[in-house]
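Below: the structure, in structure tokens.
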Protein chains: 2
Amino acid sequence: MSTSATIQPVTRWLSAEEQRAWLAWLGATELLMGSLDAQLQRDAGFPHAYYAILAQLSHAPDRTLRMSDLAGVVNASPSRLSHAVGKLEERGWVTRSPSTCDKRSTMCTLTDAGFDVLAEQAPGHVEAVRKHLFDALTPEQVGQLEQICNAVLDGLDPSGSCRR
Amino acid sequence: MSTSATIQPVTRWLSAEEQRAWLAWLGATELLMGSLDAQLQRDAGFPHAYYAILAQLSHAPDRTLRMSDLAGVVNASPSRLSHAVGKLEERGWVTRSPSTCDKRSTMCTLTDAGFDVLAEQAPGHVEAVRKHLFDALTPEQVGQLEQICNAVLDGLDPSGSCRR
DNA sequence: CATGTCTGTTTGAACACTCAACCAGTTGGG
DNA sequence: CCCAACTGGTTGAGTGTTCAAACAGACATG
């Protein structure tokens, strides 16, 4: 062993190809999410994070989810979710009720008014997702994208809370 | 013409595969950017958007870029960039000066202190990007990711400002 | 050379998110 | 039992982003 390279490793910079991929990913994610946020803000008056909360609740049994489970499926911190649900509750789209089995937990339920708002906004939102993402990709690329994102999720989200 | 389907099209919902890809993309982007933001906030005291500004300036001739050009390469709105550069200027990492050729424009320059901060934070940041993204992907997937993101960018960013 | 329009940038208010601190309920040993 | 450690959730302060409005300089058209 003649060098210290293995003991004090220097930074492994990105290769030219990795740099291109990284800049493209940054641009695509920021512009895509920015575009979806702008569309929802304009048409519905709330950001994509709020839409995700309503959408996940609408698929849950009794349209109800425990706060921490809801936080898991929408990739939100407890604090962020608490603030967001507070706003949604003010507008009458969800309600909060204490859980009966574990008195620490809070259950969050989508109201009929919330369901109506979601039903009203879903077509426009889905159309935007399709237009900006799936219309730009071949069917093979959709499969590749899913595999790539799941590989990234495996490293970041060991519990796998956002994959069904 | 017997139906109105072609005149009043119904929503084309996402297929099962598209839904899986969409949820995976949402999870991967949010968790990855969240993780990078947290790492930079903890180690450097500023978010990824600020890092991007410093990094892009460091590659520019004279470490200087016009505000609107800088906004283009970091995918920021003019307003967002103006606020962010204001904060960076307070900390002494960039300076603003009026452009000589077009008196409407403002030139933004990375200071030596700003360069030092960037040099200090770059290894940790690159390591985080590598760890959470590229270490999870095969070389083929890196290429696929670049093509996918560029396809998305073609639809969202006609001017191509974030691809050199 | 006047005037309307467009471009580049900044500003302030409204809003969303983060972080750290906190409170209440639960759990598992002494 | 009792108490410490942990879990689920909320809160408020601080910070970043968005949106609409404003403003100055450039440009073009009559």
Side-chain angles (χ1 to χ4, degrees), chain A residues 29-31 33-53 64-91 94-109 159 161, chain B residues 29-31 33-54 64-91 94-108 159 161:
Chain A
T29 55
E30 287 170 356
L31 292 187
M33 282 311 293
S35 155
L36 294 179
D37 260 333
Q39 181 265 321
L40 277 171
Q41 195 70 54
R42 179 168 39 75
D43 296 350
F46 51 80
H48 179 266
Y50 287 31
Y51 180 93
I53 293 172
T64 299
L65 239 32
R66 211 166 57 118
M67 289 293 283
S68 51
D69 296 333
L70 180 53
V73 294
V74 301
N75 311 312
S77 68
S79 169
R80 179 184 176 184
L81 183 67
S82 191
H83 285 294
V85 166
K87 296 284 187 181
L88 293 175
E89 199 174 22
E90 281 176 14
R91 304 192 204 183
V94 304
T95 54
R96 270 188 280 207
S97 52
S99 167
T100 50
C101 37
D102 185 338
K103 276 189 273 191
R104 291 169 300 182
S105 315
T106 305
M107 307 303 287
C108 184
T109 304
S159 63
S161 61
Chain B
T29 54
E30 287 171 356
L31 292 187
M33 281 312 292
S35 154
L36 295 179
D37 261 333
Q39 180 265 322
L40 277 170
Q41 194 72 52
R42 179 168 38 76
D43 296 351
F46 51 81
H48 179 266
Y50 287 32
Y51 181 94
I53 293 172
L54 300 179
T64 298
L65 240 30
R66 212 168 57 121
M67 288 293 282
S68 50
D69 295 333
L70 181 52
V73 293
V74 300
N75 310 312
S77 67
S79 168
R80 178 184 179 184
L81 183 68
S82 191
H83 284 294
V85 166
K87 296 284 188 180
L88 293 174
E89 199 174 22
E90 282 176 11
R91 305 193 204 182
V94 304
T95 54
R96 271 188 280 208
S97 51
S99 168
T100 49
C101 36
D102 184 340
K103 276 189 274 190
R104 291 171 299 183
S105 312
T106 306
M107 306 304 287
C108 184
S159 63
S161 62

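Here is how names work: the chains are called A, B, and so on, in the same order as the sequence lines, proteins then strands, and each is numbered from 1.
- In this structure, R96(A) reaches the sugar-phosphate backbone alone: every heavy-atom distance under 4.0 Å involves primed, P, OP1 or OP2 atoms, never a base.
- Using a 4.0 Å heavy-atom distance criterion, A84(A) is classed as making no nucleic acid contact.
- Residue L65(B) contributes atom CG, which lies 14 Å from atom P of dG8(C) at whole-angstrom precision.
- Of all heavy-atom pairs spanning R80(A) and N75(A), the tightest one is NH1-O, 3.6 Å.
- For a distance-only test at 3.5 Å, the side chain of H83(B) qualifies as a donor-acceptor partner of the base of dT18(D).
- Put simply, CG on L65(B) and OG on S105(B) are 11.5 Å apart, with the number rounded to the nearest 0.5 Å.
- Taking the nucleotide of DNA chain C with the nearest heavy atom to each of K103(A) and S68(B), the more 5' of the two is matched to S68(B).
- Across the protein-nucleic acid pair, L40(A) atom CG and dC19(D) atom C1' stand 16 Å apart, rounded to whole Å.
- Dashed line: the shortest gap from a side-chain N or O of S77(A) to OP1 or OP2 of dC19(C) is not under 4.0 Å.
- Considering all non-hydrogen atoms of both residues, C108(B) and M67(B) come closest at CB-SD, 4.0 Å.
- Across all their heavy atoms, P47(B) and Q41(B) have their closest contact at N-OE1, 3.7 Å.
- Across all strands shown, S99(B) has no heavy atoms under 4.0 Å from either base or sugar-phosphate atoms.
- Computed from coordinates, the Q39(B) CD to dT18(C) P distance equals 16 Å when rounded to whole Å.
- Atoms CG (L70(A)) and P (dG8(D)) sit 14 Å apart, rounded to a whole Å.
- Mapping K87(B) and S82(A) onto DNA chain D via the closest heavy atom, the residue that lands nearer the 5' end is S82(A).
- For the pair V74(A) and E30(B), the tightest heavy-atom approach, listed with the atom from each and the gap, is O-OE1, 3.7 Å.
- Across all strands shown, D37(A) has no heavy atoms under 4.0 Å from either base or sugar-phosphate atoms.
- One atom, CE of M67(A), and another, C1' of dG8(D), lie 10 Å apart when rounded to the nearest Å.
- Whole-Å rounding puts the M33(A) CE to dG16(D) P distance at 20 Å.
- Between F46(B) and A38(A), the residue whose closest nucleotide on DNA chain D is further toward the 5' end is F46(B).
- Contact detail for L54(B) and F46(B): the closest heavy-atom pair is CD1-CZ, 4.2 Å.
- Between the CG atom of L31(A) and the P atom of dT17(D) there is a distance of 15 Å, given to the nearest Å.
- At a threshold of 4.0 angstrom between heavy atoms, the contacts of Y50(A) are confined to the sugar-phosphate backbone, with no base atom among them.
- In this structure, S79(B) does not reach the dT9(C) phosphate: none of its side-chain N or O atoms is under 4.0 Å from OP1 or OP2.
- For the residue pair I53(B) and A84(B), the shortest heavy atom distance occurs at CD1-CB, 3.7 Å.
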Classify every nucleotide of nucleotides 1-6 of chain D by which part a protein heavy atom approaches to under 4.0 Å, writing B for the base, S for the sugar-phosphate alone and - for neither, in 5'-to-3' order. ------

Show your reasoning for whether side chain to side chain contact (heavy atoms under 4.5 Å, CB included) applies to Q39(A) and D43(A). CA-CA 6 Å; Q39(A) 181 265 321; D43(A) 296 350; 3.0 Å; yes

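- Neither OP1 nor OP2 of dG25(D) sits under 4.0 Å from any side-chain N or O of S105(B).
- Contact between the side-chain N/O atoms of R80(A) and the OP1/OP2 oxygens of dT10(D) is not found at any separation under 4.0 Å.
- Between the CD1 atom of I53(A) and the P atom of dA16(C) there is a distance of 11 Å, rounded to whole Å.
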